[in-house]
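The shown structure was predicted, so the numbers you read here are calculated from the model rather than taken from an experiment.
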Amino acid sequence: MGAHETSHRRRKRSIADTLVEAEHEHYLDCPNADIPIRSACILLDVILFSLASSGIHHLVETLKNSLPVLIGTLSQPAEPLLILGLSYAAWLLKTLALFMYFVWCTLRFGGSPAKLLMGLRVVDADTGERLDYVRALLRETLGKGLFGLLLINPITSLIRSDRRGLHDLMSRSVVKKVRGGM
């Protein structure tokens, strides 16, 4: 064959790739969030999500109370079925809102709205990248839900020097303080 081999060309890195890599390295250099600020985020998340959930609840209750006027007298036997359907729809909307508030925001933006407001980010403990879908779902549902109810998360966070809860350990994540006083 020929003595000349084609050289492998390296793909030029884009500015966006370089910035993303620098962001990940920056997140790894940031300090871990301490217990008081994480506790404040939990409280603020509960307040913000309660407002959204309350809005959904009041909307569904208004629809239930307006149902006799909406369906009229011709479909009176269908009223209990419609009320049950509205109750189920309300449950679905609240579940979707819960998913969007915690899991999707962590996946897409790196934290819940309260964490983002307080300058915190949930990132991969090794690389500084945002969590993938499975790890965000695991952290925000099973980790926080189950271990939070059993008070394992707060105890683990208090005992460990890096202030990571069990939900952080099982999803290999860490909450970093990326803005504010260090």
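For the residue pair Ala114 and Tyr101, the shortest heavy atom distance occurs at N-OH, 4.2 Å. A pairwise comparison of heavy atoms in Val122 and Gly111 identifies CG2-CA, 4.3 Å as the closest pair. Scanning all heavy atoms of the two residues, the minimum distance from Phe102 to Ser112 falls at CD2-CB, 4.2 Å. A pairwise comparison of heavy atoms in Lys115 and Val175 identifies CE-CG2, 4.2 Å as the closest pair. Smallest separation of non-hydrogen atoms from Ser157 and Ile35: CB-CD1, 3.5 Å. When every heavy atom of Arg38 is checked against every heavy atom of Gly165, the shortest pair comes out as NH1-N, 4.4 Å.
The CD1 atom of Ile56 lies 11.5 Å from the NE2 atom of His58; values are rounded to the nearest 0.5 Å. The distance from the CG atom of Leu138 to the NE2 atom of His167 is 10.5 Å, given to the nearest 0.5 Å. Here the NE2 atom belonging to His57 is positioned 9.0 Å from the OG1 atom belonging to Thr62, to the nearest 0.5 angstrom. To the nearest 0.5 Å, atoms OG (Ser87) and CD (Glu61) are separated by 7.5 Å. Note that the CD atom of Glu129 and the OH atom of Tyr27 stand 12.0 Å from one another [nearest 0.5 Å]. Taking CG from Asp162 and OG1 from Thr156, the interatomic distance works out to 10.5 Å, rounded to the nearest 0.5 Å.
Ring geometry for Phe109 versus Trp104: interplanar angle over 60°, hence perpendicular rather than tilted (30 to 60°).
Of the possible donor and acceptor atoms, none in the side chain of Ser53 sits under 3.5 Å from a partner among the backbone N and O of Phe49. Side-chain atoms of Arg139 do not come within 3.5 Å of backbone N or O of Val103 as any donor-acceptor pair.
In this structure the side chain of Thr95 never reaches within 4.5 angstrom of the side chain of Leu92, judged on heavy atoms. In this structure, the side chains of Leu107 and Leu131 stay at 4.5 Å or more apart for every pair of heavy atoms. By the 4.5 Å heavy-atom criterion applied to side chains, His24 and Thr127 are not counted as neighbours. At a threshold of 4.5 Å between non-hydrogen side-chain atoms, the residues Arg130 and Arg108 count as touching. Side-chain atoms of Arg121 and Leu116, non-hydrogen and from C-beta on, do get closer than 4.5 Å to each other.
One hydrophobic cluster holds both Tyr133 and Leu96 under the rule that ILVMFWY side chains link at heavy-atom gaps under 4.5 Å. At a threshold of 4.5 Å between side-chain heavy atoms, the hydrophobic network of Ile, Leu, Val, Met, Phe, Trp and Tyr places Met100 and Leu137 in one connected group.
Arg135 and Asp124 are joined by a salt bridge, as a carboxylate oxygen and a charged side-chain nitrogen come within less than 4.0 angstrom of each other.
Within a 6.0 Å radius of CZ in Arg160, other residues, nucleotides and ligands contribute more than 12 heavy atoms.
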task = Give the intermediate values and the outcome of side chain to side chain donor-acceptor pair (under 3.5 Å) for residues Asn32 and Lys176.
result = CA-CA 4 Å; Asn32 291 1; Lys176 294 287 191 170; 2.9 Å; yes
request  = Check the pair Leu166 / Leu169 against side chain to side chain contact (heavy atoms under 4.5 Å, CB included), numbers first and verdict last.
outcome  = CA-CA 5 Å; Leu166 194 55; Leu169 296 172; 4.3 Å; yes
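Checked options Leu19, Asp17, Thr18; the residue passing with Ile15 is Leu19 (criterion: side chain to side chain contact (heavy atoms under 4.5 Å, CB included)).
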